[in-house]
2 protein chains.
Amino acid sequence: MARWQPHASDRLVVAALELFEERGYENTTVIGIAERAGLTKSTFFRHFPDKREVLFGGDTMAGLLAAGIADAPADAAPLEAVAHALDAVGRAAFTAERREFSARRRAVIAANPELREREALKGLGLTAAMAEALERRGVPDPVSRVAAQLGALVLTIAYERWSEPGGGGAGGRAPPAGPRGMGAGHPPTVR
Amino acid sequence: MARWQPHASDRLVVAALELFEERGYENTTVIGIAERAGLTKSTFFRHFPDKREVLFGGDTMAGLLAAGIADAPADAAPLEAVAHALDAVGRAAFTAERREFSARRRAVIAANPELREREALKGLGLTAAMAEALERRGVPDPVSRVAAQLGALVLTIAYERWSEPGGGGAGGRAPPAGPRGMGAGHPPTVR
DNA sequence: AGAGTGATGAGACTTGGTCTCATCACCGTA
DNA sequence: TACGGTGATGAGACCAAGTCTCATCACTCT
């Protein structure tokens, strides 16, 4: 028999999400989370640097976006490279198994300023990752930041729609065709 | 003689900024800040809801942006309304007196993740304020968000340049003309 | 068998943040 | 002149987040 129950980290995430839903984030203590997972406060902080981070663990987004931009065809325009990356993220991260969990997580985050703060910082990280990946392709500074900023907004909107009750089949493409306008040439796979 | 030294809030801000510069944010305690200001921890938390907020006090930005968008000519396009708001902010907030303080504040924030996190949340607030103000003008949802997102980026870049050693005279207009491109029609006063 | 490893537990400690109660100069009014 | 109200402050108890050190103990490798 194994000495410890497996998946300690996952158990902590599940316990935390449940407790945040039941009592709210600020009425939940780290000790409470650890106890529900059959662990202790010490172990919690061995798995996560702080209480917020238990909801932000799977941090592969920045890498996926950077890789997606690097993998875009050499002649792709900045926004087309961003679209390429968004497609990759859609396939890798917006999967059916994660949809219900993501929706619950989203609701919890939306209800708490401390968690929204962390999410805001993560968002800046994604934007910076895209801008840097574009600059590695030779896109000059202000253009790279504009493209990254627009990519971040598209990602945010896609995530919103995907984790809403009605929205989002496989692949993360938003059901209704998005509006054109604003003069940004529309890349083929992201609308 | 006055019973208390005046400007308690300002003294706390100054003390905090000095200590953050001397020892770093995480090596500075709230008690230390309060003592340098000739006050106590209790009083600190009466003036600021938490330790971070001592650097984010003058929170008129969101209101200025919303008012600037509301005040734009009725026939202004979304990006032109945003530009109108940015001009207003440039005149009201990017003043010569605040420049040195802003530069020091910026350096402190850049050096600490906890402070960057707070700043990221404030940035989201500004973007949301712009988007809402645009929607109050009848700009439909995704267009309003794109315009607000671009406005937020312009504001960020302007703030960066203004609080850098070389940059920014009165009014906050960036010295070199910004690049065109990306298809966004360039409004007359923001480049 | 015995030493090493690695995830865990126990608990002291600092600090951020909340809350309650006390203090005391100033102000208005009688 | 006296007196009660006001408002910013101080004192200190209290809780939870987060850090750190030391102990435990099944499993593994030699």
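Chain A is the first sequence line, chain B the second, and so forth, proteins listed ahead of strands; every chain is numbered from 1.
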Does NZ or CZ of B:R105 fall inside the cone over B:F56's six-membered ring, less than 6.0 Å from its centre and within 45° of the axis? yes
A:E22 with A:R36: basic N within carboxylate O range, under 4.0 Å: yes
Check B:K122 with B:E53, please: is the shortest side-chain N to carboxylate O separation under 4.0 Å? yes
Residues from residues 15-24 of chain A sitting under 4.0 Å of DNA chain C, heavy atoms only? none
Side-chain contact, heavy-atom cut-off 4.5 Å: B:E119 with A:L124? no
Hey, is the main chain of A:A81 close enough, under 3.5 Å, to the side chain of A:R137 for a donor-acceptor pair? no
Can you tell which of B:L153, B:V146, B:T127 makes a side-chain contact (heavy atoms from CB on, under 4.5 Å) with A:Q149? B:L153
Is the backbone of A:Q5 close enough, under 3.5 Å, to the side chain of A:R11 for a donor and an acceptor to pair up by distance? yes
Checking A:R116 side chain against B:L121 main chain: does a donor-acceptor pair fall under 3.5 Å? no
Rounded off to whole Å, could you give me the CZ-to-C1' distance for the A:R52 and C:dG16 pair? 11 Å
In whole angstroms, how far is the C1' atom of C:dG17 from the CZ atom of B:F44? 11 Å
For A:F45 and C:dG11, what is the distance between atoms CZ and P respectively, to the nearest whole Å? 18 Å
Between A:K51 and B:K41, which residue's closest nucleotide on DNA chain D lies nearer the 5′ terminus? B:K41
Contact list for DNA chain C against residues 25-35 of chain B - heavy-atom distance below 4.0 Å: B:T28, B:T29, B:V30
Check whether any side-chain heavy atom of A:S102 lies under 4.5 Å from a side-chain heavy atom of A:Y159, and answer yes or no. yes
Please report, rounded to the nearest Å, how far the P atom of C:dG16 is from the CD atom of B:E53. 16 Å
Reference residue A:H84; test side-chain contact (heavy atoms from CB on, under 4.5 Å); the match among A:L79, A:V89, A:D71: A:D71
Mind checking whether A:F20 and A:V54 have side chains closer than 4.5 Å, heavy atoms only? yes
All N/O contacts under 3.5 Å from nucleotides 4-8 of chain C to the protein, with atom names and distances to one decimal?
from: C:dG6; atom 1: N2; to: A:R3; atom 2: NH1; distance (Å): 2.9
from: C:dT8; atom 1: OP2; to: A:H47; atom 2: NE2; distance (Å): 2.8

